[in-house]
Amino acid sequence: MTATAYRVIGIDPGLAATGYGIVSGDARNAEAVTYGVIRTRSARPRAERLQAIHEQLATLIAEHRPDELAIEEPYVAANVRSAFAIGEARAAAMIAAAEHGIDVFEYQSSAVKAAVAGYGGAPKEQVQAMVTMQLGLDAPPEPLDAADALALALTRLAEAALESRMVGRP
């Protein structure tokens with residue numbers, strides 16, 4: 001890949017663990033630049049935890065200069081408290097992107113699973129396996145939050161490729 005390759009950072013938000021993954025390339029030929037998880041300690045005040053997520057993501061963005069950020073939309077089920085915490089972590093990531101002038105694209109989990117694994121109800125392990133294959137990784141990305149973040153970035157690359165083909169068409 002060249003230094004000017006298109007880059008996307010994917011974010012799987014969470015207060016305890018926020019997965020991140022940066023991919024470079026295009027929908028047909030992408031490589032993982034870096035991936036991992038930002039962990040926060042539950043003993044710390046919530047504001048400090050959110051600040052840590054924001055600061056670490058801002059550092060990653062400044063270092064790797066992605067063109068866009070892809071983030072998972074929250075799924076609100078029975079656990080409203082969990083949904084709020086995820087929403088707060090999403091906000092921390094979105095603010096880091098805004099500070100660096102990066103557009104944010106939001107995706108439902110089922111859309112990411114469909115784009116990467118071909119089935120919107122795919123289990124996380126299947127998504128992990130498909131990310132490993134699509135990026136040509138030697139080992140599956142761990143933990144699953146990092147694999148999900150890479151899947152988000154791959155989804156955005158695929159969507160961007162479709163958008164670029166549609167430019168100029170009626």
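All values below come from the heavy atoms of this structure, side chains included, with hydrogens, waters and symmetry mates left out.
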Worksheet item: Without hydrogens or angle criteria, can the side chains of Glu72 and Gln108 be said to hold a donor-acceptor pair below 3.5 Å?
Response: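 The criterion, which ignores hydrogens and geometry beyond distance, is not satisfied for Gln108 and Glu72.
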Worksheet item: Do we see a donor-acceptor contact under 3.5 Å between the side chains of Tyr107 and Glu159?
Response: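 A donor-acceptor contact under 3.5 Å links the two side chains.
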Residue pair [X] / [Y]: nearest heavy atoms and the distance that separates them:
| X | Y | answer |
| --- | --- | --- |
| Leu50 | Ala89 | CD2-N, 3.8 Å |
| Val116 | Gln134 | O-NE2, 2.8 Å |
| Arg46 | Ala85 | NH2-CB, 3.5 Å |
| Leu150 | Val23 | CD2-CG1, 3.8 Å |
| Ala146 | Gly36 | CB-O, 3.6 Å |
| Ile9 | Ala153 | C-CB, 4.4 Å |

Practice prompt. Please round to the nearest 0.5 Å and tell me the distance separating atom CG of Asp103 and atom CG of Asp67.
Written response: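 Between atom CG of Asp103 and atom CG of Asp67 there are 10.0 Å.
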Membership question, hydrophobic clusters at under 4.5 Å side-chain separation (ILVMFWY): are [Y] and [X] in the same one?
| X | Y | value |
| --- | --- | --- |
| Ile95 | Phe84 | no |
| Leu135 | Leu144 | no |
| Leu15 | Ile86 | no |

Worksheet item: So does Arg90 pair up with Glu73, basic N to acidic O under 4.0 Å?
Response: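 A salt bridge is absent here (no side-chain N lies under 4.0 Å from a carboxylate O).
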Practice prompt. Applying side chain to side chain contact (heavy atoms under 4.5 Å, CB included), run through Arg156 and Tyr6 and close with a yes or a no.
Written response: CA-CA 11 Å; Arg156 177 61 198 144; Tyr6 188 70; 4.0 Å; yes
Worksheet item: Would you say Leu69 and Val8 make side-chain contact, with heavy atoms under 4.5 Å?
Response: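 The answer is no, as the side chains (C-beta and beyond) never meet within the 4.5 Å cut-off.
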Worksheet entry | Full working for side chain to side chain contact (heavy atoms under 4.5 Å, CB included) between Tyr20 and Leu57 | CA-CA 8 Å; Tyr20 65 87; Leu57 289 176; 4.3 Å; yes
